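Each remark here refers to the structure printed beneath this line.
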Amino acid sequence: MLAKVVGTSPREVADRVVTALEGLAPRHVARVEVAGPGFVNFFLAPTWLHEIVGAVVTAGRDYGRGDLYDGLKVNLEFVSANPTGPLHAGGGRWVAVGDAIANLLAAQGAHVHREYYLNDAGTQLDVFTASLMARYRGEEPPEHGYQGGYLMEFADTMRAELGDHVTDAAAADWGESAVVAQLRDDLSRIGVYFDTWFSERTLHARGDVDEILEALRAAGHTYEQDGAEWFASEALGDHRDRVLVRSNGTTTYLANDLAYHRDKIRRGWVHLIDIWGADHHGQVKSLQVGMRALGVGTETAPEPEIILGQLVKLERGGEVVKLSKRAGTVITLTDILDDVDPDVARLTFLLQSIDTAMTFDLDVVTAQSMENPVYYVQYAHARCASIARRATEAGIVRGPLADVDLSLLVHERELELLRALAEYPEMLRHAAELRAPHRVSTWMRDFAARFHGFYRDCRVMTDDAPLTQARLWLAEATRVGLANALAILGVTAPDVMERLEEDEPDDAQ
RNA sequence: GCGCCCGUAGCUCAGCUGGAUAGAGCAGUGGACUUCUAAUCCGCCGGUCGGAGGUUCGAGUCCUCCCGGGCGCGCCA
């Protein structure tokens, strides 16, 4: 850039910069050189890296935290699958991604509220209730009803709890609470908890939807056509106008959703974030434009941020499985958790960018479960913990950091480890900004790889007492780094892992 | 037709918002356990970054067009 201004080649500019800097090198800078087409390389002495160890172990769990969103009240809505049955496996992506994004934002100082929207007032739920009642009466579900076998279990349980004379209304309530209980249960198995389960019915009962409609009418954003009431959203930037009230008098999903988001703002949340599947991307504008029409979208209350994630294609043994909850042919999140460790499931969903469509083959994931990168990282953590244990057993006590000579850490493996550790806070902030938890996964795998290399080439406990001290602290700093990254992703950080047994030829069949 | 996402090694994917010789895992192949746990490490093999233009000192990264794939484009949610 300078070259253009100065009117000479970048290389020449670089030369001049370096000459000018001669003798001015600040602390930690060992030397300055020109390289390539015009790069000025500042060679840092390892001393700056050594200070990382202290920074990490002093901060501990807080190492990497930033203040990018200090004090921001964030309402993060994710999953929000219809309460008509168990979560399907593809939904696991939003479970893992949503929770990790919540952690990322919280690590930047945000006050994050995890919210699940229960879409419990529409036709889907009526169909669900009708299907439940059919099973309850010992009949087949309606033609377009929910065929899943879980409804038969629900019907039996409902009979046991409510008796033989259950009304439709009672079944609707009982059914929803049964499904929600199951959802909570599935989510707890993977370690995700929501602060609020918000029922759409609340909005209707309180008249919130009517209030939204009144506001839009008053602002002149609505009109009648074909017996329905429309939102003139195209004029505000939407792709087309949208129906708010159907000709049969019922309100649309959009009208209800506007009321819902308005409620989140009223409850005090300043920044609203929704995580949606890419199949809903067509509605992003409607919601944002609608909220702006309602006065949300000012400096104090930005319009809702919608994070779109590409869908998960489910397969089993190479065969595509249709995502039909009604047909009852889904692979559920529970199916996955029955076969693989929750940590494996989580990281599987967090390995790649949410912008890429992923294929989830239950058979493949199960078969390759033991090769999942999660164990590679957890093993690094366990090794760090193991070193500390062995040191204790050998009577070696980690001395006060101030007394330890960290400048003894000069091996390339040690410096690589320190460099990665130093980059952690910046990476974390960037991942939060981009809502990209996979960046943490990528960093973490790379960091673990560096540790495994260090472990192999640099023995921690040796006869060299000062070096042993320095390396014990480095191993502890590494453990903290791994533990913190794992925590962001919602994966456990074990102190002990059993050594795998040798592969036995399996010819039992 | 229009909108969003993707196209990088045989496969699955990274690539830090434009920098130096494009990386990792898996697969393949060859090595390393008397030593803090081998769920580990080291080597080799493997690339027209879908294609063509453009901007730039410099493009996998930005712009335009084209090709290919996914998802949308309801008074469904």
Side-chain angles (χ1 to χ4, degrees), chain A residues 1-4 8-11 13 35-39 41 80-82 84 119 121-125 200 225-230 239-240 242-254 256-257 277-285 308-311 313 351-359 364 368 370-380 382-391 393-394 396 413 423 426-427 429-431 433-434 436 438-439 441-443 445-446 448-449 451-462 468 471-472 475 496-502:
Chain A
M1 282 164 74
L2 261 181
K4 199 181 259 176
T8 56
S9 74
R11 172 85 198 191
V13 173
F39 295 100
N41 287 341
S80 295
N82 283 346
T84 54
N119 209 204
T123 52
Q124 296 299 322
L125 210 77
E200 182 191 344
Q225 190 181 311
D226 303 328
E229 183 168 8
W230 293 70
H239 310 293
R240 60 180 177 81
R242 312 275 173 171
V243 170
L244 291 169
V245 185
R246 301 184 188 98
S247 49
N248 69 6
T250 59
T251 53
T252 58
Y253 183 85
L254 174 62
N256 304 336
D257 217 25
D279 53 339
H280 291 96
H281 91 265
Q283 298 142 239
V284 172
K285 275 284 172 205
L308 290 175
Q310 297 300 308
L311 298 181
K313 189 165 82 176
L351 284 175
Q352 49 190 271
S353 158
I354 58 171
D355 287 335
T356 71
M358 69 180 294
T359 300
V364 172
Q368 296 179 347
M370 299 309 279
E371 293 162 22
N372 192 280
V374 76
Y375 297 121
Y376 182 81
V377 178
Q378 290 182 323
Y379 186 52
R383 275 182 153 177
C384 291
S386 171
I387 288 170
R389 270 196 310 276
R390 298 302 286 260
E393 286 165 17
I396 303 173
R413 294 290 202 182
E423 286 165 7
E426 192 188 342
M427 177 283 299
R429 179 170 48 79
H430 211 228
E433 269 180 300
L434 297 173
H438 80 279
R439 300 236 177 191
S441 311
T442 302
W443 176 88
R445 294 170 73 179
D446 176 69
F451 172 75
H452 284 307
F454 159 79
Y455 183 90
R456 190 71 179 174
D457 293 346
C458 303
R459 195 172 172 75
V460 174
M461 279 173 287
T462 62
T468 298
R471 286 181 171 170
L472 279 174
V496 180
M497 284 173 80
E498 296 297 324
R499 180 168 171 170
L500 281 185
E501 316 224 335
E502 293 286 323

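Only a predicted model underlies this, so the values are computations on that prediction, with no experimental measurement involved. Residue numbers begin at 1 in each chain, while the letters A, B, ... track the order of the sequences. The analysis underlying the following values was restricted to heavy atoms, covering all of them including side chains, and did not include hydrogens, waters or symmetry mates.
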*CZ of A:Phe451 versus C1' of B:A38: gap in Å, rounded?*
14 Å
*List for me each residue that meets side-chain hydrogen bond (donor to acceptor under 3.5 Å, both in side chains) alongside A:Ser386, sequence neighbours excluded, and say none if there are none.*
none
*When rounded to the nearest 0.5 angstrom, what distance separates CG in A:Leu472 from CD1 in A:Ile387?*
7.5 Å
*asked:* Please pick, from B:C42, B:C36, B:A14, the nucleotide with the shortest atom-to-atom distance to any side-chain atom of A:Arg459.
replied: B:C36
_Just to be sure I follow the notation: if a pair is Watson-Crick (purine N1 to pyrimidine N3 plus N6-O4 or O6-N4) or a G-U wobble (N1-O2 and O6-N3), each under 3.5 Å, what dot-bracket string does RNA chain B give, with | for pairs to another strand?_
(((((((..((((.....[...)))).(((((.......))))).....(((((..]....))))))))))))....
_Taking side-chain hydrogen bond (donor to acceptor under 3.5 Å, both in side chains) as the definition, give me every residue that meets it alongside A:His430, ordered by chain and number, with sequence neighbours left out._
none
_Interatomic distance where CG belongs to A:Leu472 and C1' belongs to B:C36 [whole Å]_ = 10 Å
*State, with a plain yes or no, whether a side-chain heavy atom of A:Val284 is found less than 4.5 Å away from one of A:His280.*
no
_Checking A:Asp457 now: which residues fulfil side chain to side chain contact (heavy atoms under 4.5 Å, CB included) with it, not counting sequence neighbours?_
A:His411, A:Arg413
_Donor-acceptor check, side chain of A:Asn248 to backbone of A:Thr250, threshold 3.5 angstrom: yes or no?_
yes
_Distance check needed: B:G3 P versus A:Arg242 CZ, whole Å only._
15 Å
*For A:Arg459, check side chain to side chain contact (heavy atoms under 4.5 Å, CB included) against everything at least two apart and list the hits.*
A:Thr462
*Side chain of A:Ser353: nearest nucleotide among B:A14, B:C76, B:C41?*
B:A14
*Closest nucleotide of RNA chain B for A:Gln225 versus for A:Tyr455: which of these residues is on the 5' side?*
A:Tyr455
*Take atom CG of A:Leu434 and atom P of B:C16, then tell me their distance rounded to the nearest Å.*
9 Å
*Within the structure, does a side-chain N or O atom of A:His438 lie under 4.0 Å from either OP1 or OP2 of B:G15?*
yes
_Contact list for residues 243-253 of chain A, test salt bridge (charged side-chain N to carboxylate O under 4.0 Å, His left out), sequence neighbours left out_ = none
*A:Asp226 near the nucleic acid: base, sugar-phosphate alone, or nothing, with a heavy-atom cut-off under 4.0 Å?*
base
*Can you check whether A:Arg456 has a side-chain N or O nearer than 4.0 Å to OP1 or OP2 of B:C33?*
no
*Give A:Leu244 one of three labels, base, sugar-phosphate or nothing, depending on what nucleic acid heavy atoms sit under 4.0 Å from its own.*
nothing
*Take atom P in B:U48 and the same atom in B:C57, then report the distance between them in whole Å.*
29 Å
*Any idea which of B:A39, B:C5, B:U40 is nearest the A:Tyr375 side chain?*
B:A39
*asked:* Rounding to an integer number of angstrom, what distance separates B:C5 and B:C44 when you compare their P atoms?
replied: 39 Å
*Of A:Leu351 and A:Arg389, the one whose closest RNA chain B nucleotide lies more 5'*: A:Leu351
_Quiz question: going by heavy-atom distance under 3.5 Å, is there a donor-acceptor pair between the base of B:C75 and the side chain of A:Ser247?_
yes
_Set of residues satisfying side chain to side chain contact (heavy atoms under 4.5 Å, CB included) with respect to A:Arg445, sequence neighbours excluded_ = A:Leu351, A:Pro373, A:Val377
*Given the C1' atoms of B:C49 and B:U8, what is the spacing between them in whole Å?*
4 Å
*Side-chain N or O of A:Arg383 less than 4.0 angstrom from OP1 or OP2 on B:A38?*
yes
*Distance in Å, A:Met461 CE paired with A:Ile396 CD1, rounded so as to fall on 0.5 Å steps*: 5.5 Å
Check the interface with nucleotides 7-10 of chain B: list each N/O to N/O pair with the protein under 3.5 Å, or write none.
none

*How far, in whole Å, is B:C71 from B:G31 if one measures between their P atoms?*
46 Å
*Syn or anti for B:C33 (syn when the glycosidic angle lies within 90° of 0)*: syn
*Which nucleotide in the set B:A39, B:A14, B:C36 lies at the smallest distance from any side-chain heavy atom of A:Gln352?*
B:A14
*With a 4.0 Å cut-off on heavy atoms, is A:Arg390 in touch with a base, just the backbone sugar-phosphate, or nothing at all?*
sugar-phosphate
_Can you measure A:Ile387 atom CD1 to B:C36 atom C1' for me and round it to whole angstrom units?_
6 Å
*Would you classify A:Val496 as touching base, sugar-phosphate or nothing, given that sugar-phosphate means primed atoms plus P, OP1 and OP2, and contacts are heavy atoms under 4.0 Å?*
base
*Measure the shortest side-chain to side-chain distance between A:Thr356 and A:Gln310 over non-hydrogen atoms and say whether it is less than 4.5 angstrom.*
no
*Kindly say whether A:Met427 contributes a backbone atom to a donor-acceptor pair with the side chain of A:Trp443 at under 3.5 angstrom?*
no
Could you list the protein-to-nucleotides 21-28 of chain B atom pairs, N/O on both sides, closer than 3.5 Å?
none

_Integer-rounded Å distance: B:U40 P and A:Gln378 CD_ = 12 Å
*Residues two or more places apart in sequence or in another chain: which of them pass side chain to side chain contact (heavy atoms under 4.5 Å, CB included) with A:Ala121?*
A:Glu200, A:Arg201, A:His204
*Looking only at heavy atoms, what is the nearest atom pair of A:Arg242 and A:Gly282, with distance?*
NH2-O, 3.2 Å
*Looking for any heavy atom pair under 4.0 Å, which part of the strands does A:Cys458 touch: base, sugar-phosphate only, or nothing?*
base
*Take atom CG of A:Asp355 and atom P of B:C16, then tell me their distance rounded to the nearest Å.*
13 Å
Report all interatomic pairs (protein N or O, nucleotide N or O of nucleotides 67-73 of chain B) with separations under 3.5 Å.
residue : atom : partner  : partner atom : Å
B:C71   : O2'  : A:Asp279 : N            : 3.4

*asked:* Without decimals, in angstroms, what is the distance between A:Met358 CE and B:U12 P?
replied: 12 Å
*asked:* Taking only the P atom of each, what is the distance from B:G47 to B:A9 in whole angstrom?
replied: 10 Å
*From B:U17, B:A14, B:C41, pick the nucleotide closest to the side chain of A:His430?*
B:U17
*Applying side-chain hydrogen bond (donor to acceptor under 3.5 Å, both in side chains), name anything that partners A:Thr251, two or more places apart in sequence or on another chain.*
A:Asn256
*Answer whether the closest heavy-atom distance between the side chains of A:Val460 and A:Arg390 falls below 4.5 Å.*
no
*When rounded to the nearest Å, what value does the distance between P atoms of B:G72 and B:C11 take?*
26 Å
*Report yes or no: is there a donor-acceptor pair, N or O only, under 3.5 Å between the side chain of A:Arg439 and the base of B:A14?*
no
*May I ask you to say what A:Glu426 touches in the nucleic acid, namely base, sugar-phosphate or nothing, with a heavy-atom cut-off under 4.0 Å?*
nothing
_Spacing of A:His438 atom NE2 and A:Ile354 atom CD1 [to the nearest 0.5 Å]_ = 9.0 Å
*For A:Met427, report the nucleic acid contact type (base, sugar-phosphate, nothing); a contact means any heavy atom under 4.0 Å.*
nothing
*Which part of the nucleic acid, if any, lies within contact of A:Arg471, taking any heavy atom under 4.0 Å across all strands shown: a base, the sugar-phosphate backbone alone, or nothing?*
nothing
